[in-house]
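Everything below concerns the one structure shown next.
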Amino acid sequence: MRGLAVVLFLAFLPQWAAAEGFALQRDAMVETIRRDVEDTRRYLGKGELDLGVLAALGRVRRHEFVPRELRDRAYQNRPLPIGYGQTISQPYIVALMTDLLRVGPGDRVLELGTGSGYQAAVLAELGCRVFTVEIVPALHEAATGRLARLGYDQVRTRQGDGYHGWAEHGPFDAIVVTAAASHVPPPLVEQLKPGGRMVIPLGNPFLTQQLSVVEKDAAGAVRTRQFLPVVFVPLTGGHGAGR
Ligand code: SAH
């Protein structure tokens, strides 16, 4: 029996060590984000993010959201390719966008651009009900399978052009657009609750954009504020870049 226990222990040792290693890397990533936020405080108007948001990033197994061959780079504070010319955003940007959304448990959040599903998982960790739309069928399928496997049951995925939102599940407390848009899509403003907010990279989809927050007040009036220059992959589809 003891022999078997030792054999089992040794068999699972590499997996255990890898899991521990990723956990340590995750902590280091959160620390890096914290420092980067301090360094960019003049853009953000504050030097720290919501602790709940940082804790959520500290829980999501980012190495599960990147291609296998890039796993050892999963916790570096940089974007990584996920295939089809798309990228998983830099952790600092995901943290910042999530912070700007100011969401909490039970909030209904629409995401345009599922990509790997990482941003959706972070929102799910905060207790949100997430509705996320991805235009590339293969990415949609991969993210759907991944989110289910990791137990993110409160995320609903759909393949299609997110420009039109997902009216059936709206209105939403918050909307996050994770691809560069030349303008705020009117259907998304419509699907935002009064008092709700949208975070969206606005500008030239092939150069840089301004990470912006669009707020809809109780009377339905819309106000846009810009935060920081960013570079996102372009929004595609009928209303996207190059059409
Ligand atoms: N949020 C993602 C990163 C997104 S990269 C993550 O956490 O991994 C931007 C994604 O938006 C890409 O996957 C791209 O295919 C998708 N996209 C671009 N235009 C779109 C559109 N019109 N509707 C839905 N998804 C779109």
Side-chain angles (χ1 to χ4, degrees), residues 29 33 53 56-57 59-67 70-71 73-101 103 109-126 128 130-147 150 152 155-167 169 172 174-188 191 198-203 205-206 209 211 230-243:
M29 179 190 83
I33 294 171
V53 169
L57 268 96
R59 286 195 297 272
V60 179
R61 298 160 60 83
R62 190 171 158 92
H63 61 277
E64 304 271 8
F65 291 81
V66 303
L70 296 178
R71 276 193 164 187
R73 288 162 58 189
Y75 294 100
Q76 294 177 358
N77 190 23
R78 51 163 74 180
L80 290 171
I82 54 172
Y84 308 90
Q86 307 303 328
T87 54
I88 177 174
S89 307
Q90 179 187 359
Y92 160 81
I93 293 290
V94 175
L96 178 58
M97 291 177 89
T98 309
D99 180 272
L100 289 171
L101 284 172
V103 287
V109 186
L110 173 70
E111 180 189 27
L112 192 165
T114 314
S116 67
Y118 180 71
Q119 170 75 74
V122 170
L123 291 165
E125 288 283 352
L126 287 168
C128 300
V130 188
F131 302 86
T132 180
V133 186
E134 169 57 52
I135 204 164
V136 177
L139 289 176
H140 156 75
E141 272 158 41
T144 303
R146 176 180 297 126
L147 289 162
L150 296 174
Y152 289 110
V155 181
R156 293 275 300 269
T157 63
R158 183 167 78 83
Q159 192 270 319
D161 187 346
Y163 186 92
H164 306 287
W166 198 345
H169 293 293
F172 302 98
I175 299 179
V176 59
V177 178
T178 64
S182 61
H183 61 276
V184 181
L188 299 190
Q191 291 168 32
M198 179 185 335
V199 176
I200 178 170
L202 278 177
F206 296 106
Q209 305 91 41
L211 192 59
V230 287
V231 180
F232 273 78
V233 294
L235 189 83
T236 59
H239 298 265
R243 300 282 170 132

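Atoms within a ligand are numbered from 1 in the order they appear, just like the ligands themselves. All values reported here derive from a predicted model rather than from experimental measurement.
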Purely on distance, is any nitrogen or oxygen of Gly162 under 3.5 Å from one on ligand 1?
yes
Using a 3.5 Å cut-off on N or O atoms only, is Thr236 in polar contact with ligand 1?
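Looking only at distances, the answer is yes, because the N/O contact criterion of under 3.5 Å is met.
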Return the option from [options] holding the heavy atom at the smallest distance from [atom].
atom	options	value
atom 13 (O) of ligand 1	His239, His164, Glu134, Glu111	Glu134
atom 11 (O) of ligand 1	Gly113, Pro137, Ser89	Gly113
atom 26 (C) of ligand 1	Asp161, Leu139, Ile135	Ile135

Indicate every side-chain donor-acceptor pair of residues 80-90 with a distance under 3.5 Å to a residue at least two apart or in another chain.
residue, atom, partner, partner atom, Å
Gln86, NE2, Tyr84, O, 3.2
Gln90, NE2, Asn77, O, 3.4

Atom 7 (O) of ligand 1 [closest protein heavy-atom partner, distance rounded to 0.1 Å]
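Nearest protein contact, heavy atoms only, for atom 7 (O) of ligand 1 is Gln119 N, 3.0 Å.
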Checking a contact table here: which protein heavy atom is nearest atom 8 (O) of ligand 1, and how many Å away?
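Result for atom 8 (O) of ligand 1: Ser116 OG, 2.6 Å.
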Using 30° and 60° as the class limits, which term best fits the ring planes of His164 and His239: parallel, tilted or perpendicular?
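The arrangement is perpendicular - the two ring planes meet at more than 60°.
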Evaluate whether atom CZ of Arg59 has more than 12 neighbouring non-hydrogen atoms of other residues, nucleotides or ligands under 6.0 angstrom away.
yes
salt_bridge(Glu134, Arg158) N-O dist < 4.0 Å
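A salt bridge is absent here (no side-chain N lies under 4.0 Å from a carboxylate O).
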Just by modelled atom types, is the Arg62 backbone N or O under 3.5 Å from a matching donor or acceptor in the Tyr118 side chain?
no
